[in-house]
Number of protein chains: 2
Amino acid sequence: MKPETSPACICARLRRAARAATQDYDAALAPLGVNVAQYSLLRHIQRAAPVNLTDLAALMQLDASTLGRNLRVLDKNGWTRAATGRDRRARHVALTDTGRDVLNRAAPLWRAAQDATAARLGAEGQTALFALLDALDTSNPQPESIRR
Amino acid sequence: MKPETSPACICARLRRAARAATQDYDAALAPLGVNVAQYSLLRHIQRAAPVNLTDLAALMQLDASTLGRNLRVLDKNGWTRAATGRDRRARHVALTDTGRDVLNRAAPLWRAAQDATAARLGAEGQTALFALLDALDTSNPQPESIRR
DNA sequence: GTGATTTATCGGTATATACCGGCTTTATGA
DNA sequence: TCATAAAGCCGGTATATACCGATAAATCAC
């Protein structure tokens, strides 16, 4: 007679875990007025800039229209800037100085949340978790040993 | 020289995985006009009804105001009904007949998505994933063997 | 080279999510 | 009992998320 504590739906479990982690990281980053979705977006831009919205969306596996809207918030805060290049359809996004500064100051706050989370998993647990999340990713081909 | 394919941020990885799984399950459930968040909410209500919003929110680890708003969509669709009981502050939620019917018809669609997802993990992978997500859950006490 | 197609982005719409403050109702305590 | 505290919910606000259709620009096909 187990009281059925948490849902057996893999998706629901992932969503629940993502919500919880989001709140932890958001709380850690709150002093800088940035949340983890924004932090993640800033980091991706930092690594990929200059990059257009479509490529950035693919990189983050985010819907392009979602990315566009999320980006407006960063733009509004003066953290990013988008410019039209030779291809006048595309907008190339990059960090502003302010954006870089926010990222630098956010890094230790992110680190604290990451360390606290990692401690709950243990080093092996984190590796295992990443492997499992990779296995879930349908954009990754399944390894030969599993496929079929 | 590894090209840094996916973020090392545990939170970002969880969010990405949750987004992807959500899209898979949503696509599977789409023929019934229900998404996985709604399906999950309906299932929780089915198991817990009659239940008030606060308890249901705690059960799902959802913010109570979020739950209240999500519930309005179900109400609007005629799938749930909320009634005030003796305690006039609390609203007790339960499925309607229509809601039960939607759940019954959605079950095989959910099952298909769940099976496809589970197949990517393997039986052991799913067990391992659930254990890791439990370990992340700060509302669960850490087992003696891990704590400190 | 011009018409068809594809690509990049945007806007409308709907939903999910959370924080905060306020209101109503219940419980508590002196 | 009556003042105070606590509980339960709602509304405002902000953001994240995705689908669809529209628009503009580049590319392709002939």
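A, B, ... follow the sequence lines: proteins, then strands. Residue 1 opens every chain.
Across all strands shown, B:D26 has no heavy atoms under 4.0 Å from either base or sugar-phosphate atoms. Backbone-only engagement by A:R19 is indicated by non-hydrogen atom pairs under 4.0 Å involving sugar-phosphate atoms exclusively.
A:N77 places none of its side-chain heavy atoms less than 4.5 Å from the side chain of A:V34. Looking at heavy atoms from C-beta onward, A:V51 lies out of side-chain contact with A:L59 at the 4.5 angstrom threshold.
Along DNA chain D, the nucleotide nearest A:L71 and the nucleotide nearest B:D55 are compared for position; the residue whose nucleotide lies closer to the 5' end is B:D55. Along DNA chain C, the nucleotide closest to B:A37 and the one closest to B:S65 are compared, and the more 5′ of them pairs with B:A37.
Out of C:dC19, C:dC10, C:dT9, the shortest distance to the side chain of A:T54 is found at C:dT9.
Checking side-chain atoms of B:Q38 against main-chain N and O of B:L74 turns up no donor-acceptor pair under 3.5 Å. With hydrogens and angles disregarded, a donor-acceptor distance shorter than 3.5 Å links the side chain of A:T22 to the backbone of A:A18.
Mapping heavy-atom proximity under 4.0 Å, the span of DNA chain D touched by chain A runs 5' to 3' from D:dT15 to D:dA26.
For the residue pair A:R111/A:Q114, the side-chain donor-acceptor check at 3.5 Å is not satisfied.
Rounded to whole Å, atom C1' of C:dA8 lies 13 Å from atom CG of A:D63. For the pair A:N52 CG and C:dC10 P, the interatomic distance rounds to 11 Å; values are reported in whole Å.
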If you apply the rule side chain to side chain contact (heavy atoms under 4.5 Å, CB included), what do you find for A:R19 with B:D63, and how did you get there?
CA-CA 10 Å; A:R19 282 198 303 270; B:D63 182 87; over 6 Å; no
Would A:D137 and B:R120 count as a salt bridge (charged side-chain N to carboxylate O under 4.0 Å, His left out) if you check the C-alpha gap in whole Å, the side-chain angles of each, and the deciding distance to 0.1 Å?
CA-CA 9 Å; A:D137 190 342; B:R120 298 188 71 87; over 6 Å; no
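Electrostatic pairing of B:D75 and B:R72 does not count as a salt bridge here, judged by no charged N lying under 4.0 Å from a carboxylate O.
Only B:R89, B:A90, B:R91, listed by number, bring a heavy atom of residues 77-99 of chain B to less than 4.0 angstrom from any atom of DNA chain D.
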